[in-house]
Each structure stands twice: as structure tokens, then as C-alpha cells.
Amino acid sequence: MPELPEVETVMRGLEPVIMGAEITALDQRRKNLRIPFPDKFEKRLKGRKILSLRRRAKYILIGLDKGEILVIHLGMSGRVSIIPKGEDVELEKHDHLVLSFDNGVTIIYNDPRRFGMVFLVAESEWESHKNFAHLGPEPLGNDFSAPILQARLKDKNTSIKQALLDQRVVVGVGNIYACEALFMAGINPLKKARLVKGAKIELLVKAIRDVLTRAIKAGGSTLKDYRHADGQLGYFQHNFTVYNQEGAKCPTCDCDINKTNGIKRIIQSGRSTFYCPKKQK
DNA sequence: CTCCTGTCCTGCCGGC
DNA sequence: TGCCGGCAGGACAGGA
């Protein structure tokens, strides 16, 4: 599920609720997700105060006192729910972690497919940790620009679509926003990455930034009191232009009039790509 | 090295 | 109604 904007939204939703609070209990309801939960997990969390919340790529980093970071990755189907003080905690299927805080709030991590990860890493070592060491630039940060993207694409023999999904090239872009950004930039997803350059790179950088920024805004606007009505963070409805729009008319050209049949769906590396063959050359 | 495929897991949807 | 195949927003290991 979640790409950068959804992860950012979850983090922003958690921040005002748990910042400064102390963890009083952990109910760990199974032993692993994709990877095992940390040894002595509750012991290491209990009594810890939340000092910071950050996002890196699609990871949420929750800084604890005593020098450890609680790292959460939502995988494909992870969700976080906030149960406010005074409300009953009713557990549902696939609720794997239940964190209680001294301010009365409860946080639940739910993940049906269990592709997510939750682990601890020392504050001083997280950047060299194997999950973070090879990550590319943040697309909304200063280290993401046309020259930098071009440098990372120039030796890539794969398609531009697959290159954008490679977290070493740029982080946070997943299947949906890769499709959307390529559409905005007018680039064919099948085009070889190394052949995307010049003005097209400029357009692509702008498209990636725009599409992610707009999605974060949409996510933020769905956060009512920093959570959905049902308490869930992480899922919100977007209107995608091409993603999941197979057969629809492309909004910016007359592709379906000349019976090219509008938005097309193809498979690249086993994953769906949606695009307009007329607009995206 | 790079690139591609298979795999982890459950839920949902459409076709028969 | 039930069963089955296909597909789903991610990321990794392993093989070519």
C-alpha cells in the first residue's frame, strides 16, 4: 500500500498524539511480520519516552530516549490506528502490536499480509543499518534534482518505470506514483532509463515532487483531529489520473477518439503499469 | 556489478 | 452459493 505520502501522513498523524508520551505496555500478538520482532521487545520499549518522529523513504522512525529508534515499515497492507484516551480498545483480526502510552492513548499496528517490518536500531547506527544505507535521495528534499536524477539513471538499462521503483535511485516512489509521475511528465514507462535526459528529466523531477506533494496535501486534509473517523491512519482515497484507470480517456489528449482505447495497462516486472500511449512517448 | 524472477501473506473480486 | 485464478500500494534473496 503505502508510498511516501501515506507514510508521511501516518507519521504526521502520530506526532501530536504520542510525542513526549511514555510507553507503558506492549501487547505483541505474534512473533514476527516479515522479520521477527526484536528480542525482549516489550522490555526495551516499556518506560521509553517518544522524543522524535521522522520519515525516511517509506519508513517511520520513532526516536526513543536511551538511544534507540523504533522503526516501522507498513509493507503493502500495514495500517496504524489511534485509540484515544477513554475509548475501548477492541482488537480486530491482524492486529499484531498494541502499544499503550501514559497519556491514555493506544496505538495499534494491523497488517493482514504481514509484509511490514517493525524493528529497533541504535540512534547512532541507523543510517548505516542495512535497510537505510543504500537508500537514494528524498524526492522532496534538496538532494533531489535533475542533475542528480540523471546521474543515477545514466547507467540504467532497465525501463524508467522500474528505475523509479528502485529505492537506490530515489526513495518513496511506489507503483502508483511512478505511473502518475511518468504520465505527468509525458514519458513512456517502457523507455530505457538511461535515455531519459535533458528537459525530460527536469519534467520528471517536477512531476515526482508535484504528485507526492499533492498526495500529502490530500492525506493531510483527510486527517480529522489527526485521524480518520475510524481511527485509521494510512489509507485515503485519491483520484488517480492513470493508476487503475485502464480504458478510461486520458484527460489531456484525445486518445480514445482515434480508438487507441485510452489508458492502457501493461505488466512490467510482474507489476501493473498504467499509461497513455499517445501522450507518453 | 545489473537485472529479473520468485517469494513472503491474506483478502477481494470476477468468472464459471 | 461456492470455488478458483488473478491481482494487490513493497522489498528482499538468489540466480543468470
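Since this is a predicted model, take the numbers as computed values, not measurements. Quick note on labels: first sequence line is chain A, next is B, and so on, each numbered from 1.
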Tell me, please, which residues at least two apart from A/Arg209 pass side chain to side chain donor-acceptor pair (under 3.5 Å). none

Which salt bridge (Lys or Arg N to Asp or Glu O under 4.0 Å) pairs, counting each pair once, include a residue from residues 153-178 of chain A, with sequence neighbours left out? A/Lys156-A/Asp166, A/Asp166-A/Arg168

Within this structure, what is the OH-to-C1' distance between A/Tyr177 and C/dG10, rounded to whole angstrom? 15 Å

What is the distance, to the nearest angstrom, from the CD atom on A/Gln245 to the C1' atom on C/dG9? 15 Å

From B/dC9, B/dG11, C/dG9, nucleotide with atom closest to A/Glu3 side chain: C/dG9

Separation of C/dA11 C1' from A/His134 NE2 (nearest whole Å): 14 Å

When you get a sec, tell me which of C/dG10, B/dG11, C/dC12 is the closest nucleotide to the side chain of A/Asn131? C/dC12

Base-pairing string, 5' to 3', of DNA chain B - Watson-Crick or wobble, under 3.5 Å, | interstrand: .|||||||.|||||||

Is A/Glu138 salt-bridged to A/Arg56, going by a charged N under 4.0 Å from an acidic O? yes

Run the salt-bridge test on A/Lys49 and A/Asp65 with the 4.0 Å N-O cut-off and return the result as yes or no. no

Does the distance from a Lys or Arg side-chain N to an Asp or Glu carboxylate O, for A/Glu68 and A/Arg44, drop under 4.0 Å? yes

Distance check: side-chain N/O of A/Tyr243 vs OP1/OP2 of C/dG9, anything under 4.0 Å? yes

Rounded to the nearest angstrom, tell me the gap between atom CD1 in A/Ile176 and atom P in C/dG9. 7 Å

May I have the distance from A/Glu246 (atom CD) to C/dA8 (atom P), rounded to whole angstrom? 10 Å

Just N and O in the side chain of A/Ser77: are any of them under 4.0 Å from OP1 or OP2 of B/dG11? no

Across all chains, not counting sequence neighbours, the side chain to side chain donor-acceptor pair (under 3.5 Å) partners of A/Glu123 are A/Arg54

Interatomic distance at P, B/dG6 relative to C/dG6, whole Å: 14 Å

Whole Å only: how far is the CG atom of A/Leu74 from the C1' atom of C/dG10? 11 Å

Any pair counted as ring pair (Phe, Tyr, Trp, His ring centres under 6.0 Å), so long as it reaches residues 35-92 of chain A, sequence neighbours left out: A/Phe37-A/Phe41, A/Tyr59-A/His73, A/Tyr59-A/Phe132

From the set B/dG11, C/dA8, C/dA11, return the single nucleotide nearest to any side-chain atom of A/Arg265. C/dA8

Atom pair distance, as rounded to whole Å: CG in A/Asp111 and P in C/dG9: 15 Å

At 4.0 Å (heavy atoms only), tell me whether A/Lys130 reaches a base, stays on the sugar-phosphate, or touches nothing. nothing

Using a strict cut-off of less than 4.0 Å between a Lys/Arg side-chain nitrogen and an Asp/Glu carboxylate oxygen, indicate whether A/Arg12 and A/Glu8 qualify as a salt bridge. yes

Looking at A/Arg113 and A/Asp111, does any basic side-chain N land under 4.0 Å from a carboxylate oxygen? no

C1' atom, C/dA11 versus B/dC12: distance in rounded Å? 23 Å

Only one of A/Ile62, A/Leu70, A/Leu64 passes side chain to side chain contact (heavy atoms under 4.5 Å, CB included) with A/Arg48; say which it is. A/Leu64

Does C/dG9 have OP1 or OP2 sitting under 4.0 Å from an N or O in the side chain of A/Lys58? no

Within less than 4.0 Å of OP1 or OP2 of B/dT10, is there a side-chain N or O belonging to A/His94? no

Contact state string [nucleotides 1-8 of chain B, B base, S sugar-phosphate only, - no protein heavy atom under 4.0 Å]: --SSB--B

C/dG9 C1' sits how many Å from A/Gln167 CD, rounded? 12 Å

